[in-house]
Amino acid sequence: MLIETEPTPNPATVKFLPGRTVMEAGTRDFADPESAEASPLAQALFDLGDVSSVFFGRDFVSVTAGEGVEWRELKPRVLGVLLDHFSGQIPLFRPGSAGDILIDDEILTDDPADADIVSQIKDLLETRIRPAVARDGGDIVYRGFDRGVVYLAMQGACSGCPSSTATLKQGIEQLLKHYVPEVTDVRAA
C-alpha cells in the first residue's frame with residue numbers, strides 16, 4: 001500500500017493520502033486526545049505523543065505536529081500507523097461510539113428571512129470553497145449568517161494555519177461578497 005504525502009500551507013500539518021476513501025460523508029476534526037477516543041486511528045496517531053491534532057477528510061488524513069516537533073522524525077511514525085490501520089482494514093470509528101456523527105451546537109440560528117442568502121452562501125461554500133480548502137488538507141464549516149456577517153470555522157490543516165486569516169479575508173470573503181452582495185464580512189467562529 002502506498003500512502004502519498006503533501007505539504008499544506010500550515011507548516012505544522014501534513015496531508016496523508018491513503019489512496020482510498022477515509023470518510024464516506026462529512027469530515028471529522030480531533031483537536032485533542034480526548035476527542036480521539038471515538039476513533040482507533042485518531043487515538044493511535046495521538047498515542048505517538050508528538051501529534052497535536054488529526055483531521056479526517058473524504059480521501060485524506062491531515063496530521064498536525066506538536067510545537068517543536070520535526071516532521072522528518074514524525075512522518076515515518078505517522079505513515080506506520082496509517083499503513084497498519086488501512087492495511088488491517090480497521091474500522092475508522094469504534095462501534096456504538098457515534099464517533100462519525102458530528103453534533104454541532106455552535107451553529108447560529110439563521111433568520112428565516114435570510115433563507116435565500118444562506119442558501120447562496122452554502123452553495124458557494126460547497127461547490128467553490130470547500131474543494132479548494134480540502135486540497136490544502138482542511139475543511140471549512142458554515143456556522144451562521146447574521147446581519148451581513150458570515151461565520152465560518154476552519155478545520156484540519158486550516159485550523160491554526162498562519163495563512164488562515166488571509167484565506168478567510170482575502171479569498172473567501174471576497175468571493176462571497178462578489179456573488180452575494182448582502183455579505184459584508186466573514187469571521188472565524
Side-chain angles (χ1 to χ4, degrees), residues 1-33 35-95 97 99-102 124-142 152-168 170-172 175 188:
M1 174 178 193
L2 174 69
I3 297 178
E4 295 180 44
T5 63
E6 292 179 0
T8 71
N10 183 347
T13 304
V14 172
K15 181 178 174 181
F16 295 85
L17 298 128
R20 61 181 63 181
T21 300
V22 175
M23 291 280 293
E24 290 292 333
T27 60
R28 182 64 194 266
D29 196 25
F30 301 94
D32 54 50
S35 64
E37 292 176 3
S39 169
L41 176 56
Q43 190 165 39
L45 290 166
F46 276 107
D47 287 348
L48 294 173
D50 294 327
V51 171
S52 64
S53 70
V54 175
F55 179 80
F56 297 156
R58 190 184 66 72
D59 62 351
F60 67 90
V61 176
S62 290
V63 178
T64 303
E67 192 172 325
V69 175
E70 294 291 326
W71 267 109
R72 71 176 181 275
E73 296 171 11
L74 181 58
K75 190 184 285 186
R77 296 175 23 221
V78 169
L79 283 168
V81 168
L82 293 172
L83 282 168
D84 288 348
H85 177 85
F86 288 109
S87 63
Q89 298 179 348
I90 300 167
L92 195 57
F93 296 99
R94 287 187 170 72
S97 71
D100 57 344
I101 300 170
L102 183 59
L124 286 167
L125 285 170
E126 198 61 37
T127 59
R128 294 262 187 106
I129 298 167
R130 287 185 82 204
V133 173
R135 281 192 294 275
D136 287 340
D139 195 15
I140 191 159
V141 178
Y142 174 83
L152 303 171
M154 305 291 271
Q155 296 181 328
C158 300
S159 177
C161 175
S163 62
S164 66
T165 301
T167 299
L168 269 179
Q170 296 164 357
I172 297 167
L175 183 119

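Residues take their numbers from the sequence shown, with the count starting at 1.
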**Asked** Roughly how far, to the nearest 0.5 Å, is CZ of Arg130 from CD1 of Ile172?
**Response** 11.5 Å
**4.5 Å side-chain heavy-atom contact, Leu125 and Leu152** = yes
**Request:** Report the relative orientation of the aromatic rings in Phe93 and Phe56; use parallel for angles under 30°, tilted for 30 to 60°, perpendicular for over 60°.
**Result:** perpendicular
**Residue pair Thr5 / Lys75: nearest heavy atoms and the distance that separates them** = OG1-NZ, 3.6 Å
**Asked** Measuring from Ile129:CD1 to Asp139:CG, what's the distance to the nearest 0.5 Å?
**Response** 11.5 Å
**Over all atoms of both residues, closest heavy-atom pair of Val81 and Leu41** = CG1-CD1, 3.9 Å
**Asked** Taking all atoms of both residues into account, what is the closest heavy-atom pair of Leu17 and Lys15, and its distance?
**Response** CD2-CE, 4.0 Å
**Request:** Flag yes if more than 12 heavy atoms outside Arg77 fall under 6.0 Å of its CZ atom; otherwise flag no.
**Result:** yes
**Prompt:** How close do Phe55 and Thr27 get, heavy atom to heavy atom, and via which atoms?
**Reply:** CZ-CB, 3.4 Å
**Asked** Hey, what do you get for OG (Ser87) to CG (Leu82), rounding to the nearest 0.5 Å?
**Response** 10.0 Å
**Message:** Tell me whether Arg20 contacts the main-chain N or O of Phe86 through its side chain, where contact means a donor paired with an acceptor under 3.5 Å.
**Reply:** yes
**Message:** Within the structure provided, determine whether Leu124 and Leu175 are in side-chain contact (heavy-atom separation under 4.5 Å).
**Reply:** yes
**Interatomic spacing from CG in Leu92 to OG1 in Thr21 - rounded to 0.5 Å** = 11.0 Å
**Asked** Where is the tightest heavy-atom contact between Met154 and Ile140, given as atom of each residue plus distance?
**Response** SD-CD1, 3.5 Å
**Prompt:** Can you check whether Ala36's main-chain N or O pairs, donor with acceptor, with Ser39's side chain at less than 3.5 Å?
**Reply:** no
**Message:** For a side chain to side chain contact (heavy atoms under 4.5 Å, CB included) check, start with the C-alpha distance between Glu70 and Asp50, then their side-chain angles and the critical distance, and finish with the verdict.
**Reply:** CA-CA 9 Å; Glu70 294 291 326; Asp50 294 327; over 6 Å; no
**Item:** Aromatic ring pairing Phe16/Trp71, orientation class (parallel under 30°, perpendicular over 60°, tilted between)
**Value:** tilted
**Whether Thr13 side chain and Thr8 backbone form a donor-acceptor pair below 3.5 Å** = no
**Fill in**
Shortest non-hydrogen pair, Pro18 vs Val22, comes out as CG-CG2, 3.7 Å
**Message:** Could you measure the distance from the OG atom of Ser62 to the CG atom of Leu45? Nearest 0.5 Å is fine.
**Reply:** 11.0 Å
**Message:** Show, in sequence, the C-alpha distance, side-chain angles and deciding distance for Ile3 and Val61, and conclude whether the side chain to side chain contact (heavy atoms under 4.5 Å, CB included) test is met.
**Reply:** CA-CA 10 Å; Ile3 297 178; Val61 176; over 6 Å; no
